[in-house]
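Working notes, structure below.
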There are 2 protein chains.
Amino acid sequence: MPAALADDVAMDVKTVCLGMLTDGPASGYDMKKCFESTFGHFFPAGYGSIYPALATLARNGLVEFEEVPQEGKPDRKVYNITDAGRAELDKALSNPTPTHKVRSEFLAMMCFAHLMTDEQINEVIDNKLTELDSFLKLLDELPICQADGSNKGTQFVAGFGRFVASSLKRYINENRDMLTQSDTKDLKIAVGN
Amino acid sequence: MPAALADDVAMDVKTVCLGMLTDGPASGYDMKKCFESTFGHFFPAGYGSIYPALATLARNGLVEFEEVPQEGKPDRKVYNITDAGRAELDKALSNPTPTHKVRSEFLAMMCFAHLMTDEQINEVIDNKLTELDSFLKLLDELPICQADGSNKGTQFVAGFGRFVASSLKRYINENRDMLTQSDTKDLKIAVGN
DNA sequence: GATGCATACTATCAGTTTGATATATAAATG
DNA sequence: CATTTATATATCAAACTGATAGTATGCATC
C-alpha cells in the first residue's frame, strides 16, 4: 500500500481562509463577508469559526497580521499569508478525496411525512421552493468577492450551485404529490445511471 | 406578527432518533446502522452524537429503555418512545422551514483550482465521479431500515438522492474541462429558473 | 433630538457534532 | 494463528454553530 499521507491537512475553515488570503490581505470581517456572499453557500462559517481559525493560523506562523488603526471605526487586523501558509495550503489541495456533505433537516423531516398533515407538508415544500428561487436569483447577481473573481474555479462552482438548485426545484415540483396524496403514485422522474 | 414558536424544537439527532422510534423499539446500535444505510446520506450521525442524544432524551422522559441481557454479546439498551416524546416530535415536525445545508470540501477546493495542477484536479474529479456512482448503485439496492420502509416519505427522499446524484454527475462530466483547460470555455449547461 | 437600526470591527461562549478511540466477546476470514 | 468483522456500549479532544457582547459612527424615522 502507498504510505499514508504524512500529515493530513483537512480542507477546513483555516484552509479556506488561507486560500482567500492568496488573493490579497484581508481582515476577519472581510472574510466573513466573503463567506456570506459566496463560500457560505457550500461551506458555511461564522465569526465563531473564523476568528479562532485566524488565531490558530497566526500562532502557527501560517499567516501574519498588522493592526491598522482607523478613524471612527475599530482597528482592523489585516492578515497576510506566509510562505509556510502557502505550503500548508498546497498540502490541503493535494488531498485527492475532498468530501461533499449534506445535512438536511428538510429530507429528514420528509422521511416522517406520514406523521405530518398535508397542510404542514405543503407549507414546508412551498417554503423550500421559495428558498431555492431566492438562491437562484442571488446567484444571477453574482457578487464574487475575490479580486480574481472571474477565475475558472469560481465559475465552475457557481454553475454547480445553479444547476443543483434548478434540479432540486424540478424534482420537488414534479414529485411533491407523492407526499400528500394517499393513493399510490410513482416517481415522475426516473433516472438512469 | 405571529407569536414566536414557544419552544423551538430543532430537527437534530435527538429528533431523528425519536422519529425512528415511532417505528418500533431500537437500540443505539440499531439506529447507528439505520444512519449508515439511509439517513446518514443526508443527515449523518455517529456514536458520538447518537448515544449522548439518547441519554438526553431518556433524562427528559422522551424515551424509556430496558436493558436486555444477551448471551455472548453485550447487553442491549432497547429504547421506546413515550407520549411526551411523540409530542416533542410533533413540535419538531411543525417547523415550516427545515434547513438543507451543504458543506463541501470539494467545491471549496475547486474554487482554488487555479492553484492546483491539472493532474490534481483530474484525480479529484475522477474520485468524485466514482463516489457518485457508488452512491447511485447503493441506492438501487435500497436497504431501507424502517419496517415501514415503503412509505411515501422515504421513497420521495430516495428519489431525491438519486436525482441529485445523477445531476451532479452530469454537471461535472459536462463542465470538468473548464477547470483544466487554460483557454476560455463557457458553461455547457445553462439553466433557466 | 431621541430612539432605533445598519455598518464596521473585534471577540467569546455554551451547546453540538465529528471522528477517532476504548472495551469486550464471538465468529468468520485468510 | 492472526486479522477482520460483527455485536454492543461509551467517551473525548477538536471543531463548528449560532447567539451574544462590546464599541463607535452615521443615517433614518418618529
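Reminder, nothing fancy here: chain letters follow the sequence lines and each chain counts from 1. The structure displayed is predicted, hence computed values, not measured ones.
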### Side-chain N,O (B/Arg103) to OP1/OP2 (C/dT17) below 4.0 Å
no
### Message
Between A/Thr15 and A/Asp12, is there a side-chain donor-acceptor contact under 3.5 Å, judged purely by atom types and distance?
### Response
yes
### Query
Does B/Tyr29 place a side-chain N or O at less than 4.0 Å from the phosphate oxygens OP1/OP2 of D/dT7?
yes
### Query
Can A/Thr130 and A/Asp133 be counted as having a side-chain donor-acceptor contact under 3.5 angstrom?
no
### Message
Any base atoms under 4.0 Å from A/Lys32, or only sugar-phosphate, or nothing? Heavy atoms, all strands.
### Response
nothing
### Query
Between atom CD in A/Glu105 and atom P in D/dT17, what is the gap in whole Å?
13 Å
### Task
Would you please confirm or rule out a distance under 4.0 Å between OP1 or OP2 of C/dT10 and any side-chain N or O of A/Tyr51?
yes
### Query
Once you round it to whole Å, what is the distance between C1' of C/dC9 and NZ of A/Lys33?
10 Å
#### Entry: Under 4.0 angstrom between B/Ser49 side-chain N/O and C/dT16 OP1 or OP2
no
### Task
Calculate the interatomic distance between B/Ile50 atom CD1 and C/dT17 atom C1'; express it in whole Å.
12 Å
### Query
Counting only N and O atoms by type, is there a donor-acceptor contact under 3.5 Å from the side chain of B/Thr22 to the main-chain atoms of B/Leu18?
no
### Task
Calculate the interatomic distance between A/Phe35 atom CZ and C/dC9 atom P; express it in whole Å.
18 Å
### Task
Could you check which of C/dT10, D/dA10, D/dA15 has an atom nearest any side-chain atom of A/Lys14?
D/dA15
### Message
From the set C/dT17, C/dA8, C/dT10, return the single nucleotide nearest to any side-chain atom of B/Val13.
### Response
C/dT17
### Message
So if I take every side-chain heavy atom of B/Lys101 and compare against D/dG18, D/dT9, D/dC16, which nucleotide ends up nearest?
### Response
D/dG18
### Task
Output the distance between atom OG (B/Ser27) and atom OH (B/Tyr51), rounded to the nearest 0.5 Å.
6.5 Å
#### Entry: Of the listed nucleotides D/dA19, C/dA8, D/dA8, the one nearest the side chain of B/Arg76
D/dA8
